[in-house]
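We name chains A, B, ... by the order of the sequence lines, and we start the count at 1 in each one. Keep in mind the model is a prediction, meaning the values are calculated, not measured. Only heavy atoms go into these numbers, but all of them, side chains included; no hydrogens, no water, no symmetry mates.
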Amino acid sequence: MPELPEVETIARGVDQRLRLDRIVDAWFSSHPQPFKTPRTSQAKGLAGRIILGVHRTGKHIVCELGPAAPPNPSATAQPWEGRAAAPSKTKAHAQPDAQWIVHLGMTGRLLVTTPDEPIAAHTHARLSLLSGRELRFVDPRRFGRLEFRELDLRDRGSTGAFHAPGAEPLSIDADEFAALFRGRKLAIKAALLNQTLLAGVGNIYADESLFHAAIRPRRAAGRLTRAELERLRQALRNVLQQAIKLGGSSVSDYVDAGGARGFFQLEHCVYLRTGEPCRRCGTPIRRILLAGRGTHFCPRCQR
DNA sequence: CATTTCACCTGGTGGC
DNA sequence: TGCCACCAGGTGAAAT
């Protein structure tokens with residue numbers, strides 16, 4: 001489900017709730033698909049580690065993890081009875097030396113729950129935490145992926161050790177943005193969806209940003225004028241920022257880390273509005289197939 | 001190399 | 001109610 005705004009919302013929600021909490025134990029389902037790193041390695045690698053912070057890159061959620069053994073020897077002697085994610089100065093200064101990387105695929109959810117919360121169907125991971133809560137990964141279609149990696153010495157302490165390959169649409173400048181599409185013959189919509197060019201744009205925000213930039217999805221990426229590309233860059237940035245403000249788009253079942261729905265679906269101008277009147281000109285929104293994806297646009301506003 | 005197509009999954013919806 | 005076709009936020013491998 002999740003594109004950049006949804007993934008950002010979830011990452012922030014998990015970060016707020018679980019920063020400086022500690023993973024006590026990890027359970028995983030027996031389905032093989034979600035595990036980019038073998039389940040057993042993940043379970044072994046995660047157990048006992050502290051969560052130093054959680055952030056987004058592209059459509060990936062990255063949990064920065066610290067050592068399993070508390071750096072303060074006196075803390076080792078204390079039983080793990082703390083209920084809150086009680087931060088201590090030593091913990092706060094610890095450097096990440098491992099990462100848990102979550103990709104939600106189409107239907108993945110990452111939820112912070114109480115342990116008594118009923119286990120949803122298609123739950124593939126449950127991390128129990130020192131605070132008594134759980135971090136759960138639920139994914140009916142199993143397109144999501146979980147990965148655990150230890151950082152080598154070179155990457156220690158740098159929160160950027162894992163990067164999505166493409167550029168970040170919220171921070172890319174006009175020159176870099178234009179360069180991404182130069183000489184390319186594929187449709188601009190297909191280019192927007194290519195994660196090695198731009199990281200984080202999916203079907204909803206590709207369609208919505210092309211509408212706001214008044215550009216037809218089928219236009220060849222390399223044939224757009226500099227002015228059109230700049231319109232597109234700003235439209236994309238505005239749409240993504242607004243969507244983050246509204247907690248993402250809940251089209252069918254998206255919810256954030258606390259189970260709350262987003263509201264940006266109320267602002268959609270074209271996505272899943274086939275046949276409905278364009279919000280700007282009243283012309284019925286058209287749907288075509290492009291790059292194998294449903295593609296929605298206004299035939300009058302978008303040229 | 002650039003680009004397109006398809007397989008991977010389950011579930012919801014709407015037509016008959 | 002059942003059955004079926006079609007649709008769905010993503011991506012990576014295979015084909016072109």
(Q) My understanding is that only one of A:Glu6, A:Glu3, A:Glu8 makes a salt bridge (charged side-chain N to carboxylate O under 4.0 Å, His left out) with A:Arg56; could you say which? (A) A:Glu8
(Q) Ring centres within less than 5.5 Å and planes less than 30° apart: is that true of A:Phe143 and B:dC8 in this structure? (A) yes
Q) How close or far is atom C1' of C:dG10 from atom OH of A:Tyr254, stated in whole angstroms? A) 16 Å
Q: Find the distance A:Asn194:CG to B:dC1:C1' and express it as a whole number of Å.
A: 13 Å
Q.
Please report the distance, rounded to the nearest Å, between NZ in A:Lys36 and P in B:dC8.
A. 20 Å
Q: If B:dC9 has a Watson-Crick or G-U wobble mate with both distances under 3.5 Å, name it; if not, just say none.
A: none
Q. According to the interplanar angle, ranging from 0 to 90°, do the rings of A:Phe137 and A:His124 count as parallel (below 30°), tilted (30 to 60°) or perpendicular (above 60°)?
A. tilted
Q | Nucleotide nearest A:Lys185 when distance is taken to its side chain, options B:dT10, B:dT3, C:dG10 | A | B:dT3
Q.
By the 4.0 Å heavy-atom rule, please label A:Tyr205 as base, sugar-phosphate, or nothing.
A. nothing
(Q) Whole angstroms only, please: what is the CG-C1' distance between A:Leu146 and C:dG10? (A) 15 Å
Q) Can you tell me if the side-chain N/O atoms of A:Gln195 get under 4.0 Å from OP1 or OP2 in C:dG10? A) no
Q. Can you tell me how far P of B:dC9 sits from CG of A:Asp139, to the nearest Å?
A. 12 Å
Q | Atom-pair distance (CG on A:Leu104; C1' on B:dC8), nearest Å | A | 17 Å
Q: From the options B:dT10, C:dG10, B:dT4, select the nucleotide whose nearest atom is closest to the side chain of A:Arg142.
A: B:dT10
Q | Atom-to-atom span, CZ of A:Arg182 to C1' of B:dC1 - whole angstrom | A | 19 Å
Q.
Counting the atoms with a prime plus P, OP1 and OP2 as sugar-phosphate, which does A:Arg145 contact under 4.0 Å by heavy atoms, base, sugar-phosphate, or nothing?
A. nothing
Q.
Measuring to OP1 and OP2 of C:dG10, would you say a side-chain N or O of A:His103 lies under 4.0 angstrom away?
A. no
Q: Measure from the side chain of A:His122, starting at C-beta and using heavy atoms only, and say which of B:dA2, B:dG11, B:dT4 lies closest.
A: B:dG11
Q: Looking at every strand, decide which applies to A:Gly292 at a 4.0 Å heavy-atom threshold: base, sugar-phosphate, or nothing.
A: nothing
Q) Checking only heavy atoms, does the side chain of A:Arg141 share a donor-acceptor pair with the base of C:dA8 at less than 3.5 Å? A) yes
Q: Could you verify whether a donor N or O on one side chain and an acceptor N or O on the other, from A:Asp139 and A:His122, lie under 3.5 Å apart?
A: no
Q | Distance in angstrom units between A:Leu197 CG and B:dA2 P, rounded | A | 10 Å
Q: Flag the pair A:Glu147 and A:Arg145 as a salt bridge only when some basic side-chain nitrogen lies within less than 4.0 angstrom of an acidic carboxylate oxygen.
A: no
(Q) Between A:Asp253 and A:Arg261 (salt bridge meaning N to carboxylate O under 4.0 Å), is one present in this structure? (A) no
